[in-house]
Student: 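Below is the structure I would like to discuss, written out as structure tokens.
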Amino acid sequence: RESRTLPLGEDGQPEITIMVGGVDKVIYLPAMLTERLGGFERQGLRVKLLSEQSGANAETTLLSGDVHAVVGFYDHTIDLQAKDQCITSVVQLADVPGEVELVAANKADEIRSPADFRGRKLGVTSLGSSTDFLTRYLAGSAGLSTSDYTTVKVGAGQTFIAGMTNGGIDAGMTTDPTVAQLVNSGKAKIIADMRTEEGTRQALGGLYPASSVYMKCEIVERYPEVVQKLANAFVETLRWLKQHTPEEIADRMPPSFANAGRDLYVQSIRDSVGMFNGTGRMKPEGAQNVLNVLSQFSTNVKPKKDRIDLSRTYTTRFVDNVPAS
Amino acid sequence: MTEDPVIRLRGATKRFRSSSGGVHTAVHDLTMTVGRGEFVAVVGPTGCGKSTTLSLVSGLEPPSEGEAVVNGRPVTGIPDGVGYMFQADAILPWRTVLDNVATGPRYRGASKREARERARDWVRRVGLAGFEDYYPHQLSGGMRKRVAMAQTLVNEPSILLMDEPFSALDVQTRALMQDELLRLWSGTGAAVVFVTHDLEEAICLADRVLVMTASPATVKASFTVPLARPRDVERIRLSTEFLDVYREIWESLREEVEKTRERGGKRVA
Amino acid sequence: MTEDPVIRLRGATKRFRSSSGGVHTAVHDLTMTVGRGEFVAVVGPTGCGKSTTLSLVSGLEPPSEGEAVVNGRPVTGIPDGVGYMFQADAILPWRTVLDNVATGPRYRGASKREARERARDWVRRVGLAGFEDYYPHQLSGGMRKRVAMAQTLVNEPSILLMDEPFSALDVQTRALMQDELLRLWSGTGAAVVFVTHDLEEAICLADRVLVMTASPATVKASFTVPLARPRDVERIRLSTEFLDVYREIWESLREEVEKTRERGGKRVA
Amino acid sequence: MSREGLDVQEAVTDAPAATTTAAPARAPLPDTAAVQRQASAARRRRRAGMWALRLLLVVVWLGSWEAAATWWIDPFFYSKPSAIWHRLVEWFDIGTQFGSVWEQILITLEEAVLGFVIGAAAGVVLGVLLGRSRYLADVLAPFIKAANAVPRIVLASLFIIWFGFGLASKVATVVVLVFFAVFFNAFTGAREVDRNLLDNARILGASRLQVLGTIVLPSATSWILSSLHTAFGFALIGAVVGEYAGASKGLGLLISNAQGTFDSAGIYAGMIIITVVALVAEWLLTMLENRLLRWRPSASRSSAEVV
Amino acid sequence: MSREGLDVQEAVTDAPAATTTAAPARAPLPDTAAVQRQASAARRRRRAGMWALRLLLVVVWLGSWEAAATWWIDPFFYSKPSAIWHRLVEWFDIGTQFGSVWEQILITLEEAVLGFVIGAAAGVVLGVLLGRSRYLADVLAPFIKAANAVPRIVLASLFIIWFGFGLASKVATVVVLVFFAVFFNAFTGAREVDRNLLDNARILGASRLQVLGTIVLPSATSWILSSLHTAFGFALIGAVVGEYAGASKGLGLLISNAQGTFDSAGIYAGMIIITVVALVAEWLLTMLENRLLRWRPSASRSSAEVV
Ligand SMILES: Nc1ncnc2c1ncn2[C@@H]1O[C@H](COP(=O)(O)OP(=O)(O)OP(=O)(O)O)[C@@H](O)[C@H]1O
Ligand SMILES: Nc1ncnc2c1ncn2[C@@H]1O[C@H](COP(=O)(O)OP(=O)(O)OP(=O)(O)O)[C@@H](O)[C@H]1O
Ligand SMILES: [Mg+2]
Ligand SMILES: [Mg+2]
């Protein structure tokens with residue numbers, strides 16, 4: 001396997017495979033939307049989108065060269081630097097996680113804030129995932145230690161909902177459209193909404209940049225012009241998002257994404273679309289905050305927190321060069 | 001011998017569905033009787049329907065036509081007092097010799113202690129004292145046959161059906177078992193139907209030898225054996241009376257055997 | 001008969017490791033010879049070591065001590081010209097009758113066509129013409145034995161070892177096969193070693209009968225059979241010469257049989 | 001079957017002999033054709049009744065599910081038969097979001113079949129080799145036991161790391177699942193070869209290689225073939241689990257995608273497709289088995305009585 | 001074993017008879033004790049050689065892995081033996097991030113054993129029932145075939161939806177995996193009961209229930225027991241896969257967490273623990289099997305020659 005080069009098609013154009021950490025999640029919506037809007041084609045890129053629910057698996061395939069870019073959470077770039085792997089975020093889609101901490105409706109009276117997490121079962125998509133870190137940070141900020149509560153791996157989508165409704169978990173962190181599904185049906189209430197800047201600052205005391213497009217440092221070095229085209233395509237989509245209504249956005253997405261009902265899907269877009277920053281530019285303050293969180297809760301980062309070089313985990317040089325439309 | 005018979009088959013016919021979906025008649029219009037205390041040997045060509053005849057008497061299979069009467073009552077289910085030693089090994093491999101012999105009494109409601117006591121007696125009588133705790137696989141073929149015999153006899157059957165019980169044994173062991181059988185049988189007053197391929201064996205043991213026709217089976221002829229009892233099996237088969245009867249029955253049997261032989265590969269092993 | 005023998009065992013001993021890890025001597029210091037064209041029957045008590053003796057001659061097992069010489073050469077590997085009919089069924093169940101018989105020639109390098117031609121001839125000679133395309137499971141026990149016989153004879157062995165080839169057959173089929181064997185053997189000039197449990201069979205077939213001792217086996221005595229050839233197996237066994245030889249050999253054999261019997265459950269089936 | 005073949009034989013050569021069988025005073029043999037007609041009519045009736053019962057079971061089962069999902073339980077979790085049916089119709093009519101459903105099936109099948117062939121071949125070769133070589137088998141036994149105890153499904157995600165996201169990782173998952181199923185049967189088959197057959201072949205003049213080809217392999221065939229049934233089931237599961245762990249196409253992805261989009265009907269529909277594929281493969285394997293094992297007595301010894 | 005038992009018998013009753021066997025002119029029977037000593041010395045040497053060879057294999061394998069991971073390949077993907085060893089030591093010394101490693105093992109075992117017991121019991125009961133009832137078996141055959149073809153691993157996530165994240169969903173996964181493995185063997189075992197044994201029991205006076213208890217069940221035992229080996233492997237895999245799909249404790253979670261945190265040594269360490277657990281369980285089952293099947297001739301027919 002070759003992990004240092006991009007495969008070229010017959011016409012010499014690179015063929016790029018992008019792994020999305022759940023192509024149906026609203027927080028990663030720009031990936032599919034760019035494809036549906038023809039953004040990649042306009043840049044002369046041939047792009048294939050793949051989907052992989054587990055973030056860690058997505059990164060592993062990036063490192064092994066099977067895919068060339070990942071749409072996923074920014075915090076993994078730091079995590080991987082702790083493991084001596086260099087990947088860098090080239091387009092930062094959002095400055096906030098887009099995650100929501102939900103609490104089961106019948107427990108809403110007892111659990112009003114993270115301070116009430118003591119002795120509770122807290123759902124996360126997967127252990128070691130960003131939802132895991134964020135959950136621990138929420139609890140930690142409220143003065144709890146990790147032994148005061150249990151985190152349970154519940155995945156996303158249907159299994160999360162099942163966990164929430166049949167008592168498998170008391171509270172849990174997830175994204176849209178799962179949030180919309182639970183809140184609409186009255187099965188859960190929101191106690192921390194990290195889909196907006198305001199909510200995020202309130203919950204985490206700062207920004208937490210999440211959805212991003214990242215690639216291996218080597219590839220970025222070697223193919224700046226390809227990366228530029230990718231950045232162009234994504235930023236174009238981010239701008240498009242700012243100018244269109246949730247209904248218009250939903251119309252552009254594959255119909256199967258609205259399998260559980262179009263109204264629900266539109267609503268989940270409406271709730272979440274504010275998180276996308278429109279520019280693709282990373283805010284240094286946010287990056288620093290992510291490092292703070294990981295330094296406390298990531299087993300990989302904690303011992304190496306002083307050696308992490310944040311400047312290698314993201315770059316704004318491509319989004320800065322995107323022509324104004 | 002013919003009045004008040006213990007076993008009577010009248011016009012009994014038995015049909016099986018063959019594996020190809022056709023119908024195979026194993027026994028056709030068979031009539032025979034066995035008197036109280038009589039030892040009848042049944043000989044006939046391979047596959048003619050001897051085992052099927054026994055299964056009709058034992059009640060394991062109902063006749064397709066005709067009737068089987070045992071002790072004056074038509075057979076439905078297993079009649080009381082029937083013992084059956086099968087052609088193949090039928091003792092339980094997972095029970096010791098003693099427990100194997102105790103099986104019958106246990107089934108019939110005896111307490112564990114009582115059943116074992118009776119079993120121990122019979123194990124001794126068939127000459128297996130000392131082997132009570134052996135499992136069947138630790139025994140020779142001849143010893144296993146003795147276990148089967150004890151297992152059958154412990155129920156004190158008044159009718160004893162035996163289907164080529166010794167055919168799997170080597171010649172020497174077989175002679176020994178034949179003696180043993182006569183010794184155990186004498187004085188029990190049980191009626192015996194003894195199926196065999198071996199004409200010599202039939203004559204050595206029986207009061208009367210029935211010759212069966214080629215398939216489908218029916219009784220072809222009946223010969224009375226004029227040898228006095230008690231008999232020493234190893235000696236009498238070299239006597240002239242024996243040879244005379246042998247020749248006579250063999251003439252009758254040979255015809256059927258040849259008929260079967262001519263049909264060639266008919267017997268699907 | 002003793003000069004230039006085809007088979008000579010000299011002081012041959014064979015030991016096996018028994019299942020318990022001990023050592024079992026199957027054959028001890030055995031010396032015997034078989035001359036060219038001679039038909040020798042071997043009788044002996046169950047489990048004494050008859051089959052082991054054959055395996056020494058055939059080269060399937062090397063002797064632990066002593067030596068086996070065939071055609072003047074010490075046995076290492078399978079000697080040329082040896083044919084062996086096993087005690088158990090050994091024909092290939094996945095080959096038709098014809099292909100089974102053709103197996104030997106094929107192994108020995110004959111072309112498919114040639115092998116089949118020779119096989120077809122032998123299938124006919126053993127009386128199975130018309131059954132060439134049957135699979136073994138479609139044949140009766142007797143027919144399978146014929147296939148085995150053809151399979152062995154098609155290689156035209158000069159030494160024919162037969163290990164109780166007919167003991168699994170019913171009495172009637174057995175008599176038929178014995179006749180068949182004599183017919184096929186006569187004129188081939190092959191030396192035959194025929195192991196059997198059945199003294200009658202031994203006498204009917206052989207020029208000479210060897211009696212083996214109880215385990216471990218060695219030769220106890222050798223008897224010449226004074227019956228003229230060609231023999232009709234079904235008739236001679238009722239003749240007086242036959243009965244005389246029978247009595248004589250039986251006296252010798254009975255001692256060993258009783259010895260084996262006394263040892264009780266020795267034979268682990 | 002065999003009996004029929006032999007009956008023909010008999011009819012040609014022995015017709016006169018058969019008629020002399022009946023003793024003069026006996027009732028004539030009844031018209032067997034009539035008895036046989038009766039018997040087969042009874043069989044037909046029995047079979048019809050059986051199918052009716054099966055149909056009833058299916059109707060009751062699906063009906064109560066549909067009813068329960070309509071009125072009592074939440075179809076969001078449990079779906080319902082009509083929804084599953086619609087999803088299937090949609091997939092086959094319009095296609096899935098990853099393309100035609102046939103393409104997904106073909107991709108999964110490609111992985112399963114490729115891995116199956118490789119795994120089965122490796123299993124047979126190694127099984128027969130070790131089955132015939134006592135020493136090698138003794139030396140390797142503890143390793144094989146340990147390897148067999150490894151939770152192989154978990155390997156799927158390791159293979160993605162090792163072999164990447166494409167065909168290779170799925171095939172590898174399938175191979176490890178199939179290999180052991182086949183290996184142990186091939187091993188047993190090769191070791192349990194009838195001693196007599198081996199000796200007989202040696203006496204008849206077979207070389208080592210000839211013994212292997214004409215005795216050991218055919219002997220082991222019925223063992224090996226019987227393992228292939230389980231093995232193909234494993235192959236499908238391996239492919240699906242591999243796709244589940246990460247893929248761009250295939251039935252596993254279809255199911256995992258359905259899970260991500262709250263489409264419980266899609267989960268069931270995907271499972272139904274896999275089940276049908278497995279049943280078809282099973283049927284093909286049975287055909288193959290019957291062809292290769294023509295020499296065995298037919299297994300259906302249904303010798304039930306006629307009356 | 002059996003031979004020994006019988007030899008004692010012989011020695012007691014027939015010692016005089018044995019001495020008369022040797023013909024006068026023959027060489028005396030050699031000292032069998034000496035021959036036997038020789039034989040067992042040879043056996044010991046052979047065994048020692050075997051262990052040496054095995055050790056060599058392990059050393060070469062681990063050594064080359066370690067070397068490769070140190071100098072050529074990226075241990076990020078492939079880990080290396082020393083790292084795996086450290087992770088194991090850490091887990092057993094300090095514990096995992098979810099608590100003591102023993103607790104994880106116990107939880108997984110609890111799920112596996114509970115599901116195993118339920119699945120095996122259901123498999124035996126239904127297997128024996130259908131095995132003895134031809135009609136029921138005929139009617140249900142297509143359903144069972146279809147159910148068996150369902151990709152059961154995929155059910156794990158359905159069960160989570162149905163039964164939640166606790167014990168129940170894992171146990172359910174284990175049960176469906178174990179059930180079929182046991183069912184088919186119990187079915188075959190019950191159906192293949194020797195006809196003669198059944199007839200014999202009936203003749204000896206057994207009632208239907210007695211036939212079931214004393215003939216059918218013991219007959220099927222060896223079939224059932226042999227299925228339990230595979231079944232327990234399945235049970236462990238089922239528990240792990242169930243935890244993998246969602247859980248708060250257990251070995252599956254340990255592995256999935258290792259995957260989530262790019263800890264390849266942790267993946268291997270988890271797999272090693274599961275493997276060891278499976279081997280121990282296998283050993284226990286073999287003990288049970290040997291106890292229950294005392295009546296069978298010992299399987300090790302290692303009748304190799306002495307010289
Ligand atoms: N349960 C059955 N189903 C179908 N056919 C049967 C059944 N039992 C016996 N037969 C057939 O009936 C015929 C007679 O069988 P039976 O066993 O009574 O003969 P036999 O005289 O005892 O033969 P053998 O001498 O070989 O013991 C055979 O052709 C056999 O195939
Ligand atoms: N390969 C072997 N390994 C261990 N023991 C063996 C082996 N072959 C034969 N024996 C033992 O050697 C003894 C003689 O066996 P053999 O088969 O030669 O006797 P036999 O006279 O042919 O018996 P039978 O009359 O039963 O055929 C028996 O006790 C047998 O258990
Ligand atoms: Mg019979
Ligand atoms: Mg022998």
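Scope of the values below: all heavy atoms of this structure, side chains included, with no hydrogens, waters or symmetry mates. Residue numbering restarts at 1 for every chain, and letters A, B, ... go by the order of the sequence lines.
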Student: Ion pair present between D/R202 and C/E61, side-chain N to carboxylate O less than 4.0 angstrom?
Tutor: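 A salt bridge is absent here (no side-chain N lies under 4.0 Å from a carboxylate O).
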
Student: Rounded to the nearest 0.5 Å, what separates atom CZ in D/R294 from atom OG1 in C/T96?
Tutor: 9.5 Å

Student: Heavy-atom pairs under 4.5 Å with chain C - which of D/L292, D/T221, D/D194, D/T214 has more of them than the others?
Tutor: D/T214

Student: Need one label for D/I215: side chain, backbone, both or neither, based on atoms under 4.5 Å from any heavy atom in chain C.
Tutor: both

Student: Checking heavy atoms, do the side chain of C/L161, its backbone, both or neither come under 4.5 Å from chain D?
Tutor: neither

Student: Measuring heavy-atom distances to chain D, does C/D80 have an atom under 4.5 Å in its side chain, in its backbone, in both, or in neither?
Tutor: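 No part of it gets close to chain D.
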
Student: Would you say the side chains of C/Q151 and D/N200 form a donor-acceptor pair under 3.5 Å?
Tutor: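 Judged by distance alone, the side chains do pair up.
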
Student: For C/Y135, is it the side chain, the backbone, both or neither that has a heavy atom under 4.5 Å from a heavy atom of chain D?
Tutor: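 Only the side chain of C/Y135 comes within 4.5 Å of chain D.
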
Student: Where the side chain of C/R108 meets the backbone of D/A206, is there a donor-acceptor pair that is under 3.5 Å apart?
Tutor: no

Student: What's the spacing between C/T103 OG1 and D/L204 CG if we round to 0.5 Å?
Tutor: 6.5 Å

Student: To the nearest 0.5 Å, what is the distance between CG (D/D199) and OG (C/S55)?
Tutor: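 Going from CG on D/D199 over to OG on C/S55, the span is 8.5 Å.
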
Student: Identify the heavy atoms of C/A90 and D/L197 that sit nearest to each other, and give their distance.
Tutor: O-CD2, 3.2 Å

Student: Tell me, for C/F86 versus chain D, whether the close heavy atoms (under 4.5 Å) come from the side chain, the backbone, both or neither.
Tutor: side chain

